[in-house]
Amino acid sequence: MGSIQALRGTRDILPEEVGYWQQAETIARQILGRAAYQEIRPPIFERTELFERGIGEATDVVGKEMYTFNDKATPPRSVTLRPEGTAGVVRAFIQNSLYAAGGVQRLWYTGPMFRYENPQAGRQRQFHQLGVEVLGSNDPRADVEVIALATDILKTLGLQNLRLDINSVGAPEDRPRYRQALVDYLMPYKDELDADSQDRLERNPLRILDSKNEGTQKIVEAAPLLIDYLGKESQRHFANVQQLLTDVGIDYQLNPHLVRGLDYYTHTAFEIQSDDLGAQATVCAGGRYDGLVAQLGGPNTPAVGWGLGLERLLLLLQQLQEPPSSIMDLYVVSRGEAAQSQALQLAQKLRHAGFTVELDLSGSAFGKQFKRADRSGAVACLVLGEAEAESQTVNLKWLQSGEQQALSRVALLEMTDELRRQIDSSR
Ligand code: ATP
Ligand code: MG
């Protein structure tokens, strides 16, 4: 029978690379924890409507990329594997009245996301994001805090050659005048726009600025800029964000073409890109979404956040360093029925005492077990044969020097501090 392959666009994260993932998560958890962010774990599937309202039906994600199906409920009910994290977090914020505590909620999440896309390097159908959301503050310091956290995480992981682009998309009341100017500019090019963009010209012209179509992008290059249509308040918020970025020492460049085409996105929009990623250059993208909580039925709540693509982050980490691996202290080899049972017990006791211990299960000749001990990365080997089983002893063999020492097992378990020191100093 043929073997079953994983679906296109999905990948197994194998033990040899899982160290990178753990490293990224550990650093992020530490940095976010120190800034008073709390982890939240919403479900991986939700009612389809949440994403239609929370991301927008006119977007590629909702229009073309969602894994949507009816589950077994009657009457039929449409559910969707989450394509991103913000909508679920905001739903949880509203449903659990997290706003009732007053003040600011600082949340982060990580996990798999699902989009039916064209798989290529840095682009998968099941991929992983780590994201933060700050709910309940319109202070520009919140915008800069989240940006600073993203750069801290990336820098602490050792990444370089990163670029931060920022822009402001203003407030909803800034947009009617801009929308008109944009439509006036685009109308003469109508026939040259891609089909989707033609469609959006009346319904949601701002989304055309997001288009990935090259012909459309050329036309859009010379279009009027939203940044020139910002009202006083929006200008002030954006100026504040820039000043604060400078104050905390974060380099950025203004990119007036960076937009989010939906009404609940407000003010700051930003992206962090790397030159070392090829076509899929954006590692982290985010911004303010002051209108989203209300859009999803909650109280008016300003908010700002970002999502970071972990596969892309991992591609960068892999270019930098060998995979971090776990460190083995001891390798236990044994032969003969009594010795094998006692070896199991000894391994267990040493693990309880804090050692990392691998137990050889093969029952093969000692020579073969020693070879595996060498490959395991352990510093020392514990040997139990028939003689040791009989006398309740164990042979401690240092793998580098070959030195050996016969010990009673009671004595070994009484000298764990000394053993720890010896192991650490001979690594
Ligand atoms: P892109 O322009 O690369 O398609 P996007 O605008 O769709 O990105 P967001 O929805 O803002 O991306 O998601 C935030 C981050 O998640 C991206 O910057 C990227 O690092 C990562 N990401 C998005 N889609 C994928 C995917 N299909 N595979 C891997 N990572 C992804
Ligand atoms: Mg995309």
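Counting starts at 1 for both ligands and their atoms, following the listed order.
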Just wondering, do [Y] and [X] contact through their side chains at under 4.5 Å, heavy atoms?
X: L254; Y: N167; value: no
X: L230; Y: Y178; value: no
X: R163; Y: Y252; value: no
X: D196; Y: K64; value: yes

For ligand 1, which part of Q273 has a heavy atom less than 4.0 Å away: the side chain, the backbone, both, or neither?
neither
At less than 4.0 angstrom from any non-hydrogen atom of [X], what atoms of ligand 1 do you find?
X: G307; answer: 14 (C), 15 (C)
X: A285; answer: 11 (O)
X: E117; answer: 24 (N), 25 (C), 26 (C), 27 (N)
X: V283; answer: 18 (O), 20 (O)
X: Q129; answer: 13 (O), 14 (C), 15 (C), 16 (O)

Is E311 close enough to touch ligand 1? Criterion: a residue heavy atom under 4.0 Å from a ligand atom.
no
Heavy-atom gap M113 to ligand 1 smaller than 4.0 Å:
no
Considering only the protein, which heavy-atom contact is closest to [atom], and what is its distance?
atom: atom 1 (P) of ligand 1; result: R123 NH2, 3.6 Å
atom: atom 28 (N) of ligand 1; result: Q124 N, 3.0 Å
atom: atom 12 (O) of ligand 1; result: R115 NH1, 3.9 Å
atom: atom 2 (O) of ligand 1; result: K212 NZ, 3.1 Å

For atom 22 (N) of ligand 1, decide whether some protein heavy-atom distance is shorter than 4.0 Å.
yes
If we count only non-hydrogen protein atoms and require a distance under 4.0 Å, does atom 6 (O) of ligand 1 qualify as touching the protein?
no
If you measure from atom 30 (N) of ligand 1 to every heavy atom of F114, Y116, F127, which option wins on shortest distance?
F127
Considering T282, T86, V61 one by one, which has a heavy atom nearer to atom 18 (O) of ligand 1 than any of the others?
T282
Under the 3.5 angstrom rule, does the side chain of [X] hit a backbone N or O of [Y] as a donor-acceptor pair?
X: T68; Y: T80; result: no
X: Q318; Y: L315; result: no
X: Y185; Y: I219; result: yes

Please indicate whether any nitrogen or oxygen in R312 is less than 3.5 Å from any nitrogen or oxygen in ligand 1.
yes
Would you please name every residue forming a side-chain hydrogen bond (donor to acceptor under 3.5 Å, both in side chains) with Y331, sequence neighbours left out?
D360
Within this structure, what is the OG-NZ distance for the pair S197 and K190, rounded to the nearest 0.5 Å?
11.5 Å
Within 6.0 Å of OH in Y116, more than 12 heavy atoms from elsewhere
no
More than 12 heavy atoms of other residues, nucleotides or ligands under 6.0 Å from CG of D184: is that the case?
yes
